[in-house]
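Accompanying notes for the structure given below.
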Amino acid sequence: MCYKGSIAAEERRIQDRVSRNFKDKIKYTPSYNINAFANPQIYIVAQDDPDVINLGVWGLVPNWKTNDPKGFLSKKQYTNNARGEDLYETPSYKDHVVNERCWILFDGFFEPHYHSPKIQQPYFCYIPEGRSISKRQILTIAGIYSKIQDEYYVSLITTEANDFFSEIHNKQKRMPLVLDTSLREKWLLKDQPKTMILDLVANGFTKDKFYAHPVSNQLYKGSNEESTIRAVEPFQSPSLFN
DNA sequence: CCAGACGTTGTT
DNA sequence: GTCTGG
DNA sequence: CCAGACGTTGTT
DNA sequence: GTCTGG
């Protein structure tokens with residue numbers, strides 16, 4: 001599901017909205033097209049350093065492979081996403097959910113929408129902040145991480161799609177766990193019981209209203225222009241009568 | 001019991 | 001390291 | 001090579 | 001009986 005994200009807001013606004021500054025020496029680079037499969041650097045707030053914005057690699061390396069993180073990621077183990085319902089059972093994640101939770105900072109993400117089994121169009125999903133698409137809420141998405149030699153390796157939590165995202169992501173019916181602003185700090189508290197965490201997974205999704213619109217498939221070509229998130233015409237199936 | 005997995009879903 | 005599957 | 005299957009998944 | 005998967 002959530003394999004593409006964007007974060008392009010001004011540095012100042014990001015820091016303001018999450019009440020934290022970028023850690024010293026981290027240079028913020030906006031991006032409209034962050035591709036999970038490439039294990040890119042993303043911006044996170046981690047439980048063990050919760051007062052600053054850190055960098056992490058998108059792709060968790062479990063604790064039984066700490067001797068060779070690069071080798072693990074090259075095996076395409078698909079640890080970019082973690083199913084929230086299974087966090088305490090999944091072998092690669094169960095140790096990390098306990099006290100290695102984080103936020104992933106995006107201001108939007110992409111989901112594929114299927115017009116038919118073969119025809120698909122990506123949709124950009126975001127929460128407007130104000131009237132224009134150019135100001136989007138800074139999303140705090142639930143994640144977990146492993147830390148190896150001072151480097152964070154991160155997995156994004158997904159849950160069953162709500163009604164809105166079932167319409168958009170109509171094949172897999174999953175969505176990222178975008179934490180509600182009023183609850184998000186709880187995700188970063190130490191030593192929370194399993195019941196508390198699973199409650200956040202089940203009920204912590206934001207109550208703010210999402211917007212989504214179709215975008216150009218230039219997205220899949222790696223385009224990183226502002227136009228990547230701009231609305232295009234929805235796909236129209238060919239009509240016999242046009 | 002030992003070998004092999006360990007993860008989730010993409011797309012033109 | 002620990003679990004699952006054959 | 002042997003064991004086991006022998007089938008497919010609507011709609012946008 | 002024949003094919004696939006391990």
Side-chain angles (χ1 to χ4, degrees), chain A residues 1-6 32-40 42 56-100 104 106 108-125 141-148 153-177 201 212-224 227-229 232-240:
Chain A
M1 53 114 354
C2 194
Y3 284 101
K4 291 263 188 185
S6 82
Y32 290 98
N33 193 346
I34 303 165
N35 175 17
F37 288 103
N39 303 121
I42 54 177
V57 174
W58 195 356
L60 185 148
V61 176
N63 62 1
W64 41 268
K65 200 60 180 175
T66 51
N67 57 336
D68 185 17
K70 297 288 183 299
F72 177 84
L73 290 175
S74 69
K75 291 279 195 295
K76 305 256 189 279
Q77 281 293 124
Y78 298 107
T79 51
N80 309 301
N81 289 176
R83 295 175 64 90
E85 307 89 316
D86 307 330
L87 283 175
Y88 286 87
E89 283 85 41
T90 311
S92 291
Y93 299 140
K94 53 192 286 190
D95 296 337
H96 302 288
V97 67
V98 178
N99 265 323
E100 293 174 308
I104 295 167
F106 283 161
F109 53 87
F110 302 89
E111 297 287 3
H113 178 77
Y114 284 82
H115 295 277
S116 72
K118 286 287 174 59
I119 299 173
Q120 175 272 148
Q121 186 172 35
Y123 274 59
F124 182 65
C125 311
I141 303 177
I144 56 176
Y145 63 86
S146 58
K147 196 176 190 184
I148 304 169
Y153 295 90
V154 179
S155 190
L156 177 155
I157 310 292
T158 69
T159 62
E160 188 177 341
N162 60 17
D163 289 346
F164 180 86
F165 281 102
S166 294
E167 298 260 324
I168 305 292
H169 193 203
N170 53 350
K171 195 168 183 181
Q172 297 305 136
K173 308 251 176 98
R174 304 288 298 173
M175 64 179 184
L177 178 52
V201 169
H213 58 238
V215 296
S216 161
N217 63 9
Q218 286 298 112
L219 178 72
Y220 299 131
K221 309 229 160 82
S223 167
N224 198 11
S227 59
T228 309
I229 66 169
V232 299
E233 289 299 307
F235 173 84
Q236 300 293 325
S237 48
S239 164
L240 290 176

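Here is how names work: the chains are called A, B, and so on, in the same order as the sequence lines, proteins then strands, and each is numbered from 1.
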**Asked** About how many Å separate NE2 of A:H213 and CD1 of A:I168, when rounded to the nearest 0.5 Å?
**Response** 10.5 Å
**Prompt:** What does A:Y93 touch in the nucleic acid at a heavy-atom separation under 4.0 angstrom: a base, only the sugar-phosphate, or nothing?
**Reply:** sugar-phosphate
**Item:** Under the 3.5 Å Watson-Crick or G-U criterion, the dot-bracket string of DNA chain B, with | for inter-strand pairs
**Value:** ||||||......
**Prompt:** How far apart are the C-alpha atoms of A:W64 and A:F72, what are their side-chain angles, what is the distance that settles it, and do they pass the side-chain contact (heavy atoms from CB on, under 4.5 Å) test?
**Reply:** CA-CA 10 Å; A:W64 41 268; A:F72 177 84; 3.9 Å; yes
**Request:** Measure from NZ on A:K65 to C1' on B:dG4 and round the result to the nearest Å.
**Result:** 13 Å
**Request:** Indicate the atoms forming the closest heavy-atom contact of A:Q121 with A:V215, along with that distance.
**Result:** CG-O, 4.0 Å
**Asked** Take atom CD in A:E85; do more than 12 heavy atoms of anything else shown fall under 6.0 Å from it?
**Response** yes
**Asked** Can A:Y153 and A:T79 be said to form a side-chain contact (heavy atoms from CB on, under 4.5 Å), step by step?
**Response** CA-CA 9 Å; A:Y153 295 90; A:T79 51; over 6 Å; no
**Request:** Please report, rounded to the nearest Å, how far the C1' atom of C:dT2 is from the CG atom of A:N63.
**Result:** 10 Å
**Complete:** In whole angstroms, the gap separating C1' of C:dT2 from CG of A:D95 amounts to 9 Å
**Item:** Positive for side-chain contact (heavy atoms from CB on, under 4.5 Å) with A:V201, one of A:V97, A:L87, A:T158
**Value:** A:L87
**Item:** P atoms of D:dT8 and E:dG1, separation to the nearest Å
**Value:** 23 Å
**Message:** In this structure, how many angstroms lie between the P atom of B:dA5 and the CZ atom of A:F72, rounded?
**Reply:** 13 Å
**P gap between E:dC3 and B:dA5, integer Å** = 28 Å
**Prompt:** When the aromatic ring centroids of A:F106 and A:W58 are compared, is their separation below 6.0 Å?
**Reply:** yes
**Request:** Classify the nucleic acid contact of A:T90 as base, sugar-phosphate or nothing, counting any heavy atom under 4.0 Å across all strands shown.
**Result:** sugar-phosphate
**Message:** Nearest 0.5 angstrom please: A:S146 OG to A:Y93 OH, how far?
**Reply:** 10.0 Å
**Item:** Euclidean distance for C1', B:dC6 against E:dT2 (whole angstrom)
**Value:** 35 Å
Tabulate atom names and distances for all N/O pairs under 3.5 angstrom spanning the protein and nucleotides 8-12 of chain D.
| from | atom 1 | to | atom 2 | distance (Å) |
| --- | --- | --- | --- | --- |
| D:dT12 | O2 | A:N170 | ND2 | 3.1 |

**Prompt:** Between OG1 of A:T66 and NZ of A:K147, what distance do you get to the nearest 0.5 Å?
**Reply:** 14.5 Å
